[in-house]
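Reckoned from all heavy atoms, side chains included, excluding hydrogens, waters and symmetry mates. Read the numbers this way: they start at 1 and go in the same order the structure lists the ligands and their atoms. Numbers for residues simply follow the sequence, beginning at 1. A quick note: this is a predicted structure, and the numbers were derived from the prediction, not measured.
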Amino acid sequence: MPVAIEFEQVCRQYGEVKALDRVSFSVREGEFFSMLGPSGSGKTTSLRLMAGFEQPSSGHLRLMGREAAGTAPYDRDVNTVFQDYALFPHMNVLDNVAYGLMVRKVPKAQRLAQAREALAMVALPDHGARTPAQLSGGQRQRVALARALVNRPRILLLDEPLGALDLKLREQMQVELKALHRKLGITFVYVTHDQSEALSMSDRIAVFNKGQIEQIASPRDLYHRPKTRFVADFVGSANVIGEELAYSLNGHRQAFAVRQEKMAVIPAGTAAANGCFQVEGELLSIQFLGASQRLEVRVANQTLIALQPESEMANAMASSTHAGQRITLQWSAQDMVMLDA
Ligand code: ADP
Ligand code: MG
């Protein structure tokens with residue numbers, strides 16, 4: 001598939017701070033690509049470079065195969081939706097959406113027609129005459145989307161666009177955004193620090209950490225095959241078994257990850273099942289979470305988490321189990337993912 005965006009050894013430095021440190025990756029045309037990472041890891045900087053609000057300190061950035069340096073933001077086939085979508089409060093919705101076209105001196109009839117079309121795309125066809133104050137948070141975010149889509153960019157950049165919405169609305173908007181992406185067929189680059197958001201929407205995810213990319217993979221691969229300690233922990237909070245404990249278990253000084261839901265809690269003294277590993281530890285806490293319960297267990301010098309699906313057996317066990325007790329955790333060798341670093 002053709003490449004929409006390409007970073008080659010891109011650095012962006014602010015004084016002493018390396019916001020991006022030799023980052024290379026590419027986004028395919030039509031892809032839903034997410035940049036996931038904690039606060040300060042370089043996601044927004046990457047997005048601002050794509051938009052043209054910033055320039056690389058070194059390295060190359062290409063858009064649709066062309067060197068981007070020297071192309072002003074308004075000459076790029078790119079538009080951005082921010083978290084604080086900053087609609088003009090005194091303008092109605094239709095004029096808010098049409099504003100960018102007005103600045104570009106598109107004739108009035110045409111810009112209003114395009115603005116109506118953009119509002120229809122985000123499922124707000126009848127709200128053009130309202131002011132932003134007369135809309136809900138979710139509707140305002142849709143207006144911001146329409147405003148970014150009105151000049152039909154080939155690439156849409158979204159910087160934590162749902163961050164200000166409550167959980168339920170956020171989940172609903174995730175579904176809508178994904179549907180919109182399918183309908184438009186353009187490239188979406190989506191910034192978030194929320195791993196579940198990235199997992200639920202993306203074709204591929206780049207995990208950022210301290211200005212570098214730790215791994216780029218599909219949501220499933222990222223979840224099941226994390227390459228590094230950081231990814232294993234940040235995406236789905238896997239248990240990371242450190243080198244020492246790993247050595248005592250299998251004779252290899254290599255850290256590995258096991259998902260919380262793959263750690264079974266079994267009665268103490270039960271022999272290890274075929275192809276399984278066991279550790280014994282001290283139960284620190286049991287937390288009821290609804291569909292599951294979460295057990296925190298101290299093993300050697302680390303804390304492991306086991307997520308047990310809610311069931312009668314788990315219930316029976318939980319009622320006879322208490323903090324301070326010794327318990328045994330077991331997992332299958334198949335569920336161990338070796339980590340590089
Ligand atoms: P993220 O979006 O992942 O939270 P950013 O890309 O905004 O991270 O920031 C990455 C790093 O660069 C942070 O340490 C941040 O403080 C720094 N940074 C970003 N923009 C500027 C700026 N304009 N001036 C100085 N430092 C900045
Ligand atoms: Mg940011």
* **Rounded distance [0.5 Å steps], CZ in F234 versus CZ in F208** => 12.0 Å
* Any non-hydrogen protein atom less than 4.0 Å away from atom 15 (C) of ligand 1 -> no
* To do: Look up atom 12 (O) of ligand 1 and tell me if a protein heavy atom lies less than 4.0 Å from it?
  => yes
* Asked: Does the gap between the ring centers of Y190 and F33 come in under 6.0 Å?
  -> no
* Looking at S41, which atoms of ligand 1 are within less than 4.0 Å of one of its heavy atoms? -> 1 (P), 3 (O), 8 (O)
* To do: Among all protein heavy atoms, pick out the one at the shortest distance from atom 9 (O) of ligand 1; state its residue, atom name and that distance to 0.1 Å.
  => T45 OG1, 3.8 Å
* Structure fact -> of all protein heavy atoms, closest to atom 10 (C) of ligand 1 is G40 O, 3.5 Å
* Asked: Is the distance between the ring centroids of F88 and Y99 under 6.0 Å?
  -> yes
* Asked: Could R259 and Y223 be counted as a cation-pi pair, given that NZ or CZ must be under 6.0 Å from the ring centre and within 45° of the axis?
  -> yes
* Identity and separation of the nearest protein heavy atom to atom 3 (O) of ligand 1 -> K43 NZ, 2.8 Å
* To do: Rounded to the nearest 0.5 Å, what's the gap from CD1 on I327 to CG on L283? Could you check?
  => 4.5 Å
* Check ligand 1 against P38 and write out every atom of the ligand that is under 4.0 Å from a heavy-atom position of the residue. => 3 (O)
* Using 4.0 Å as the upper bound for N to carboxylate O, is an ion pair formed by R298 and E282? -> no
* Of the backbone and side-chain N, O or S atoms of T45, does one lie nearer to the Mg ion (ligand 2) than 2.8 Å? -> no
* To do: Kindly confirm or rule out an N or O of A19 lying under 3.5 angstrom from an N or O of ligand 1.
  => no
* Walk me through it: do Q254 and L339 pass the test side-chain contact (heavy atoms from CB on, under 4.5 Å)? => CA-CA 7 Å; Q254 187 182 5; L339 301 173; 5.8 Å; no
* Asked: Do L87 and R147 come close enough that some side-chain heavy atom pair is under 4.5 Å?
  -> yes
* For ligand 1, indicate whether the residue V17 contacts it via side chain, backbone, both or neither (heavy-atom separation under 4.0 Å). => side chain
* Asked: Less than 4.0 Å between a side-chain N and a carboxylate O, is that true for R12 and E54?
  -> yes
* Taking only heavy atoms of T44 into account, list the atoms of ligand 1 that are under 4.0 Å away from them. => 1 (P), 2 (O), 6 (O), 7 (O)
* Structure fact -> The closest protein heavy-atom partner of atom 27 (C) of ligand 1 is Y14 CD1, 3.3 Å
* Taking only heavy atoms of S39 into account, list the atoms of ligand 1 that are under 4.0 Å away from them. => 4 (O)
